[in-house]
Amino acid sequence: MARGQAPRTVFATFALEQHQVIAADRISFQHLARRADGDPPVADFFDLLAEGETRALARLAGLADACGLTAREITGYQPRPGCQAFPSYAARLALAAEPADAAIALTANFAAWGGYCATVRTALAEHYDFPEAARGFFTLFADPAPELAVAARAAVQQGIDTGQARPATAHRHGQLLQAYEVMFWNSLGE
């Protein structure tokens, strides 16, 4: 993608997969927020992530439109397992992980996700001539989000201060999330 060598169809696949990812992640983040209800900084962090998924879905519409996807194609799409591993693991974290550990793991993954999105945003403009509306989804994640950074720091600090965070466990969760992130990108071209 970064060098403009991927077929344009990969962006349609990306949009179709992200419709599934966003819906799943929003539910996972909402569940984590409810589970962390006694720890406002952690719950607030996950509420903010869930709200971000709503914004992401709105911005994804520009890419879907630029790719000529119809509502029927979006709702009838059969997702690729490799693209859905990340949200599946996020759901597992929502059900069983300590919310503070999940916050640490997800925060660690943000830098990688943001970097991927920045690369794709640039490629869409330089090599594929996609309009700004089609790049909006990637801009949302590529540009710094100060409010999210503050919320992430507060959630992590809350986990540390209360002893709920277990760094080794959070690290393991983060490694798996990163592996599933790479799997997502690799699965797009299959």
Side-chain angles (χ1 to χ4, degrees), residues 13-60 74-117 137-138 140-141 145 147-188 190:
T13 301
F14 178 93
L16 291 164
E17 292 292 342
Q18 278 300 312
H19 272 88
Q20 304 283 327
V21 170
I22 289 167
D25 282 352
R26 183 175 35 215
I27 292 167
S28 294
F29 299 152
Q30 289 169 339
H31 188 72
L32 278 158
R34 285 191 302 275
R35 288 188 55 223
D37 195 34
D39 291 311
V42 180
D44 293 347
F45 170 72
F46 286 115
D47 281 336
L48 189 60
L49 289 183
E51 291 168 16
E53 294 300 320
T54 300
R55 286 192 303 277
L57 185 61
R59 297 252 186 125
L60 189 60
I74 292 168
T75 58
Y77 181 71
Q78 294 299 313
R80 297 173 182 191
C83 290
Q84 298 304 312
F86 184 100
S88 295
Y89 191 69
R92 179 178 166 187
L93 294 178
L95 290 174
E98 176 63 47
D101 290 339
I104 293 168
L106 288 161
T107 299
N109 189 67
F110 290 157
W113 172 248
Y116 294 138
C117 287
F137 174 87
F138 300 100
L140 177 67
F141 293 105
E147 181 184 9
L148 182 59
V150 168
R153 279 192 296 278
V156 170
Q157 191 63 55
Q158 176 74 4
I160 292 168
D161 291 348
T162 61
Q164 293 173 353
R166 298 163 303 182
T169 301
H171 184 260
R172 185 173 59 246
H173 293 322
Q175 284 182 310
L176 285 169
L177 284 172
Q178 186 56 48
Y180 296 139
E181 182 75 50
V182 171
M183 187 183 293
F184 171 85
W185 292 100
N186 290 339
S187 297
L188 283 176
E190 295 178 349

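Keep in mind the model is a prediction, meaning the values are calculated, not measured.
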A.B. asks: Considering only distance and modelled atom types, tabulate donor-acceptor pairs under 3.5 Å from the side chains of residues 41-49, sequence neighbours left out.
C.D. replies:
none

A.B. asks: Only pairs under 3.5 Å count here: list side-chain donor-acceptor contacts from residues 101-111, not counting sequence neighbours, and write none if there are none.
C.D. replies:
unit_1, atom_1, unit_2, atom_2, d
Asp101, OD1, Arg166, N, 2.7
Asp101, OD2, Arg166, NE, 2.9
Asp101, OD2, Arg166, NH2, 2.7
Thr107, OG1, Ala103, O, 2.7
Asn109, ND2, Glu181, OE1, 3.1

A.B. asks: Can you run down the ring pair (Phe, Tyr, Trp, His ring centres under 6.0 Å) pairs that involve residues 14-35, sequence neighbours left out, and say none if there aren't any?
C.D. replies: Phe14-Phe137, Phe14-Phe138, Phe14-Phe184, Phe14-Trp185
A.B. asks: Should Leu188 and Cys83 be marked as a side chain to side chain contact (heavy atoms under 4.5 Å, CB included) after you check the CA-CA gap, both sets of side-chain angles, and the distance that decides it?
C.D. replies: CA-CA 7 Å; Leu188 283 176; Cys83 290; 4.0 Å; yes
A.B. asks: What distance separates Thr75 OG1 from Leu16 CG, expressed to the nearest 0.5 Å?
C.D. replies: 10.0 Å
A.B. asks: Indicate every side-chain donor-acceptor pair of residues 51-58 with a distance under 3.5 Å to a residue at least two apart or in another chain.
C.D. replies:
unit_1, atom_1, unit_2, atom_2, d
Thr54, OG1, Arg26, NH1, 3.1

A.B. asks: What is the distance from atom OG of Ser28 to atom CZ of Phe86, rounded to the nearest 0.5 Å?
C.D. replies: 9.5 Å
A.B. asks: Distance-only criterion, 3.5 Å: show the donor-acceptor pairs between side-chain atoms of residues 151-159 and protein atoms not counting sequence neighbours.
C.D. replies:
unit_1, atom_1, unit_2, atom_2, d
Gln157, NE2, Asp161, OD1, 2.7
Gln158, NE2, Asp39, OD1, 3.1

A.B. asks: Is there any side-chain hydrogen bond (donor to acceptor under 3.5 Å, both in side chains) pair reaching into residues 78-88, and which pairs are they, with sequence neighbours excluded?
C.D. replies: Glu17-Gln84
A.B. asks: Tell me, please, which residues at least two apart from Tyr180 pass side-chain hydrogen bond (donor to acceptor under 3.5 Å, both in side chains).
C.D. replies: none
A.B. asks: Taking all non-hydrogen atoms of both residues, which atom of Gly82 and which atom of Met183 are closest, and how far apart?
C.D. replies: O-CG, 3.4 Å
A.B. asks: For the residue pair Leu32 and Ala94, what are the closest heavy atoms and their distance?
C.D. replies: CG-CA, 3.6 Å
A.B. asks: Report the residues that fulfil side-chain hydrogen bond (donor to acceptor under 3.5 Å, both in side chains) with Gln20, sequence neighbours left out, ordered by chain and then residue number.
C.D. replies: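 None.
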